[in-house]
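Just so it is clear, the values below take in all heavy atoms, side chains as well, and ignore hydrogens, waters and symmetry mates. A, B, ... follow the sequence lines: proteins, then strands. Residue 1 opens every chain.
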Number of protein chains: 2
Amino acid sequence: MLEERTVFIYFLKRKGLKLTQQREEILQAFLKMEEHLSTEDLYKVVKRKNPNIGHATVFRTLKLLIEAGIAREVYLGDRRVRFEHGHGHRHHDHLVCQVCSKLIDTVNPEIEKLQDDLCKKFDFIPTSHRLQIFGICKECKRKKRE
Amino acid sequence: MLEERTVFIYFLKRKGLKLTQQREEILQAFLKMEEHLSTEDLYKVVKRKNPNIGHATVFRTLKLLIEAGIAREVYLGDRRVRFEHGHGHRHHDHLVCQVCSKLIDTVNPEIEKLQDDLCKKFDFIPTSHRLQIFGICKECKRKKRE
DNA sequence: CTGACTGCAAACCCTTTGCACTAAA
DNA sequence: TTTAGTGCAAAGGGTTTGCAGTCAG
């Protein structure tokens, strides 16, 4: 948790930007979150600590976090932009349950490897990727039977 | 091309819906398209044939096509919903060029296989998936060098 | 005939921006 | 003090819906 904060501070310094109370709070909220929150979700979390923070600040700070490589955008199928941790994390793949919306994160080195092969085949330089498998999770499957 | 039309007609009949001139035209335009068009794109294509068609009709018909399994939604990272063929087509993976926005479609049976394994591991029943690799395509890479 | 369909325009909803005020450095 | 940051509210921009007129069955 400390490390990402350091990255952010360096990033700000390098760009001549300032570390404000709000940015600090948003960063902390972002780092604590487990799931893939939307701007709105994060806004609500931060607002609990600091009731007069605005949407715009959350939005703008999130952009900075992305630029700094600390956050990453994910699209889960609705029209909302969601965020996940980016810095130093392997990019994981998602199993998305269409019944309960639960998300299972996973990393599969073999798939990763095949993706690289695929890129080579097309002479394509990858910067990031996103794998989502939609379906029904274990629990929901069980409930259906009951 | 005939087959999908049949599927659609059955679908409409089953739901007590009507096959209108507009729906026919939108279906044909959708089936002819090669790329991943947004509602807006498809609207423009159809409008050329039938200038007084409205956005809403395209939008609503697209929803029907999805329900009938003929179309499928894709999210490429902008805020647009895009569509691709769904019925009877293998789900292909995408290489998305971040410079020129070009899309390379591809299918990789090995990756497909590993995905199935992944699902089994989590006892997850997959219904569809989506793999997107973002990066720089061959042409744009070359241009950069020049 | 009758209920589904259409086009229009407006409502929606999330994202993004402009601006006058505030606060890091 | 200077310049970036903030909150507010409004603008954007794509998607969705309400409605009165229209048309397929």
Value in whole Å for how far the [atom2] atom of [N] lies from [atom1] of [X]:
{"X": "B:Asn50", "N": "C:dG7", "atom1": "CG", "atom2": "P", "value": "7 Å"}
{"X": "A:Leu12", "N": "D:dG5", "atom1": "CG", "atom2": "P", "value": "8 Å"}
{"X": "B:Glu24", "N": "C:dC5", "atom1": "CD", "atom2": "C1'", "value": "15 Å"}
{"X": "B:Tyr43", "N": "D:dG13", "atom1": "OH", "atom2": "C1'", "value": "15 Å"}
{"X": "B:Leu42", "N": "D:dG14", "atom1": "CG", "atom2": "C1'", "value": "15 Å"}

query: Quick one: is A:Arg79 getting a side-chain N or O under 4.0 Å of the C:dC14 phosphate, OP1 or OP2?
result: no
query: Would you say A:Lys15 reaches D:dA4's phosphate, i.e. side-chain N/O to OP1/OP2 under 4.0 Å?
result: no
field: Min side-chain heavy-atom separation A:Phe83-A:Thr39 under 4.5 Å
entry: yes
Distance check, rounded to the nearest 0.5 Å: [X] atom [atom1] versus [Y] atom [atom2]?
{"X": "B:Ile125", "Y": "A:Cys97", "atom1": "CD1", "atom2": "SG", "value": "9.5 Å"}
{"X": "B:Leu103", "Y": "B:Gln132", "atom1": "CG", "atom2": "CD", "value": "8.5 Å"}
{"X": "B:Leu95", "Y": "B:Ile104", "atom1": "CG", "atom2": "CD1", "value": "5.0 Å"}

query: Considering residues, nucleotides and ligands other than A:Glu110, do more than 12 of their heavy atoms fall under 6.0 Å from its CD?
result: no
task: Look at all strands and tell whether A:Lys63 reaches a base, only sugar-phosphate, or nothing, counting heavy atoms closer than 4.0 Å.
output: sugar-phosphate
query: What is the nucleic acid contact for A:Lys47, judged by heavy atoms within less than 4.0 Å: base, sugar-phosphate only, or nothing?
result: nothing
- request: For the pair A:Lys63 and A:Glu73, find out whether any cationic side-chain nitrogen is under 4.0 Å from an anionic carboxylate oxygen.
  value: yes
query: Of the residues in residues 52-62 of chain B, which ones touch DNA chain C at a heavy-atom distance under 4.0 Å?
result: B:Asn52, B:Ile53, B:Gly54, B:Ala56, B:Thr57, B:Arg60
query: Taking protein heavy atoms under 4.0 Å as touching, what does nucleotides 20-25 of chain D look like 5' to 3' if B marks base contact, S marks sugar-phosphate-only contact and - marks none?
result: ----BS
task: Under the ring pair (Phe, Tyr, Trp, His ring centres under 6.0 Å) rule, collect the residues that match up with A:His94, sequence neighbours excluded.
output: A:His36, A:His92
- line: Assign each of B:Arg80 and A:Leu64 the nucleotide of DNA chain D bearing its closest heavy atom; nearer the 5' end lies the nucleotide of A:Leu64
task: Let me see the working for A:Phe8 and A:Leu64 under side-chain contact (heavy atoms from CB on, under 4.5 Å), right down to the final yes or no.
output: CA-CA 9 Å; A:Phe8 192 45; A:Leu64 288 179; 4.1 Å; yes
query: What's the verdict on side-chain contact (heavy atoms from CB on, under 4.5 Å) for A:Leu62 and A:Leu42, showing C-alpha distance, side-chain angles and the deciding distance?
result: CA-CA 10 Å; A:Leu62 244 6; A:Leu42 210 49; 3.7 Å; yes
